[in-house]
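Read the structure below first, then the notes.
Side chains are part of it too, since the values below use all heavy atoms of this structure and drop only hydrogens, waters and symmetry mates. Predicted model only: the values in this text are computed from it and were never measured.
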Amino acid sequence: MNYLPEFFIVATAHFLAVVSPGPDFIMITRNSLMYSKRTGIYSAVGLGFGILVHIIYSLVGIGLIISKSILLFSIIKFLGAAYLIYIGYKSITSHSKTNLSLNENKKKDLTKFQALKMGFVTNVTNPKATLFFLSLFSVVISPTTPTFIKILYGLEMSIVTSLWFIFVAILFSHHLIKNRVDKIQNIASKLMGAILIALGIKLALSSNK
């Protein structure tokens, strides 16, 4: 059987979802601007690993259980909202680094693990991603599609997610953009924080269904 038509539908739907502005995009932009290209890239890789978690539970049917359980879905939703609000709060309360030396700035950068974890947790606790992959695996992808093919779909989506946000990280960490942002770094940090908090509140108040 030719799975290319199904693959193109899955790949297109996923790419459109990935490039749509949301918590992942704001988090990568924030980390790239406020920290470094390295931090942005590792955060992007973390997002890709988060996609694999959604793929795994969708393949074994746990995604359907989560979607049908108001309690489980609510827990994921509030964890995701709380994490976004926490990141936003940290951004707003952080001190401006404009007057710090290069070495001091470097010390303030996130470690590779911290950046990876931030990307991973942001994606895994996003209930919108849970619903997206549930819909993808229950409506778009045929039940007769072999598990091996579904795994390949998942790997493609994980890689594309990481590559897209690595591109975003490289773009926003470019010196031309960072030099401009450095002049208003304190304002930019608070703006990013406010957006993340707003997204977290919106997520917390959204309907489960």
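- Between the side chains of His14 and Thr161, a donor-acceptor pair is found at a separation under 3.5 Å.
- There is a path of hydrophobic side-chain contacts, each under 4.5 Å, that joins Phe167 to Val160.
- Rounded to the nearest 0.5 angstrom, Tyr153 OH and Ser58 OG are separated by 14.5 Å.
- Counted within 6.0 Å of CZ on Phe49, heavy atoms from surrounding residues, nucleotides or ligands total 12 or fewer; the atom is thus considered open.
- Panel note: side chain Arg30, backbone Tyr35; no donor-acceptor pair is recorded below 3.5 Å.
- Side-chain contact check for Asp109 and Thr39: at least one donor-acceptor pair (N or O, by modelled atom type) lies under 3.5 Å.
- The one candidate from Ser43, Pro23, Ser173 that meets the side-chain contact (heavy atoms from CB on, under 4.5 Å) condition with Ile28 is Ser43.
- Considering CG of Asn31 and CD1 of Ile41, their distance stands at 12.0 Å, rounded to 0.5 Å.
- Residues Val45 and Leu163 do not share a hydrophobic cluster, clusters being chains of Ile/Leu/Val/Met/Phe/Trp/Tyr side chains in contact below 4.5 Å.
- Side chains of Phe113 and Tyr42 form no contact here, defined as non-hydrogen atoms less than 4.5 Å apart.
- Across Leu33 and Phe172, no two heavy atoms sit closer than the pair CD2-O, 3.1 Å.
- In this structure, the separation between CZ on Phe7 and CD on Glu156 is 4.0 Å, given to the nearest 0.5 Å.
- Expressed to the nearest 0.5 Å, how far CD1 of Ile141 lies from OH of Tyr3 amounts to 11.5 Å.
- Separating the CG atom in Leu52 from the CG atom in Leu47 is a distance of 11.5 Å, to the nearest 0.5 Å.
- One finds the OG1 atom of Thr144 at 11.0 Å from the CD1 atom of Ile149 (value rounded to the nearest 0.5 Å).
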Verify side chain to side chain contact (heavy atoms under 4.5 Å, CB included) between Met157 and Val18, making sure each step is shown before the conclusion.
-> CA-CA 9 Å; Met157 288 186 279; Val18 167; over 6 Å; no
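- The side-chain contact (heavy atoms from CB on, under 4.5 Å) test with Phe120 singles out one residue from Asn123, Val124, Thr122, and that residue is Val124.
- Hydrophobic clustering places Leu152 together with Ile9 (ILVMFWY residues linked when any side-chain heavy atoms are closer than 4.5 Å, directly or through intermediates).
- Nearest heavy atoms, Ser162 versus Gly48: OG-CA, 3.2 Å.
- The shortest side-chain heavy-atom distance between His174 and Ile170 does not fall under the 4.5 Å cut-off.
- A donor atom on one side chain and an acceptor atom on the other are not found under 3.5 Å apart for Asn126 and His54.
- No hydrogens or angles considered: nothing links the side chains of Ser142 and Glu6 as a donor-acceptor pair under 3.5 Å.
- Phe132 and Phe8 fall within a single hydrophobic cluster, where Ile, Leu, Val, Met, Phe, Trp and Tyr side chains are chained together by heavy-atom contacts under 4.5 Å.
- The hydrophobic cluster containing Ile159 does not contain Ile55, counting ILVMFWY residues as joined when their side-chain heavy atoms lie under 4.5 angstrom apart, directly or transitively.
- Contacts of Gln114 classified as side chain to side chain donor-acceptor pair (under 3.5 Å), with partners at least two apart in sequence or in another chain: Thr111.
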